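Accompanying notes for the structure given below.
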Amino acid sequence: MANFILTAETAPKVKIKFLRKYRDLVNEDLPFIPGQEEELVVKLMQLIKRDRNYVEFTINKALADPGGNRL
């Protein structure tokens with residue numbers, strides 16, 4: 001189970017940050033849908049070839065400052 005919660009307001013901002021950090025990803029690769037956080041983590045683990053801890057840490061870092069420009 002993912003240790004974060006996406007909302008309709010934060011999901012698009014986190015998605016933009018991931019697309020900026022991982023240039024090889026495309027918009028369709030990232031189904032940022034509130035309520036489906038676990039599926040998102042699994043998909044990102046496969047796409048960026050990182051473990052669960054890294055993916056969740058990166059998402060939580062993006063959620064800490066959703067209005068900011070840094071990831």
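If you're wondering where the values come from, they're calculated on a predicted model, not measured in any experiment.
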Is there a path of hydrophobic side-chain contacts, each under 4.5 Å between heavy atoms of I, L, V, M, F, W or Y residues, that connects Tyr22 with Val42? no
Would you name the heavy atoms of Pro12 and Glu9 that are closest together and state the gap between them? CD-O, 3.7 Å
According to a hydrophobic-cluster definition based on side-chain heavy atoms being under 4.5 Å apart (Ile, Leu, Val, Met, Phe, Trp, Tyr only), do Leu30 and Phe4 belong together? yes
Is there side-chain contact between Asp29 and Asp24, with at least one heavy-atom pair below 4.5 Å? no
Count I, L, V, M, F, W, Y as connected when their side-chain heavy atoms are under 4.5 Å apart, and connections chain through other members. Are Met45 and Leu47 then in the same cluster? yes
Which pair of non-hydrogen atoms, one from Leu63 and one from Ile5, has the smallest distance, and what is that distance? CD1-O, 4.1 Å
Report the C-alpha separation of Asn27 and Lys15 in whole Å, then their side-chain angles, then the decisive distance to 0.1 Å, and conclude whether the side-chain contact (heavy atoms from CB on, under 4.5 Å) test is met. CA-CA 8 Å; Asn27 200 22; Lys15 184 176 191 173; 2.6 Å; yes
Any side-chain heavy atom of Thr58 sitting closer than 4.5 Å to one from Leu44? no
Considering only heavy atoms from C-beta outward, does the side chain of Pro31 approach that of Glu39 to under 4.5 Å? no
Would one find more than 12 heavy atoms of other residues, nucleotides or ligands at under 6.0 Å from atom CZ of Phe57? no
Of all heavy-atom pairs between Phe18 and Leu25, which one has the smallest distance, and what is that distance? O-CD1, 4.5 Å
Are any of the side-chain nitrogens in Arg52 or Glu56 under 4.0 Å away from the carboxylate oxygens of its partner? yes
State the CD1-NZ distance between Ile48 and Lys21, to the nearest 0.5 angstrom. 8.0 Å
On a heavy-atom basis, the closest approach of Ala62 and Lys17 is O-NZ, 3.5 Å
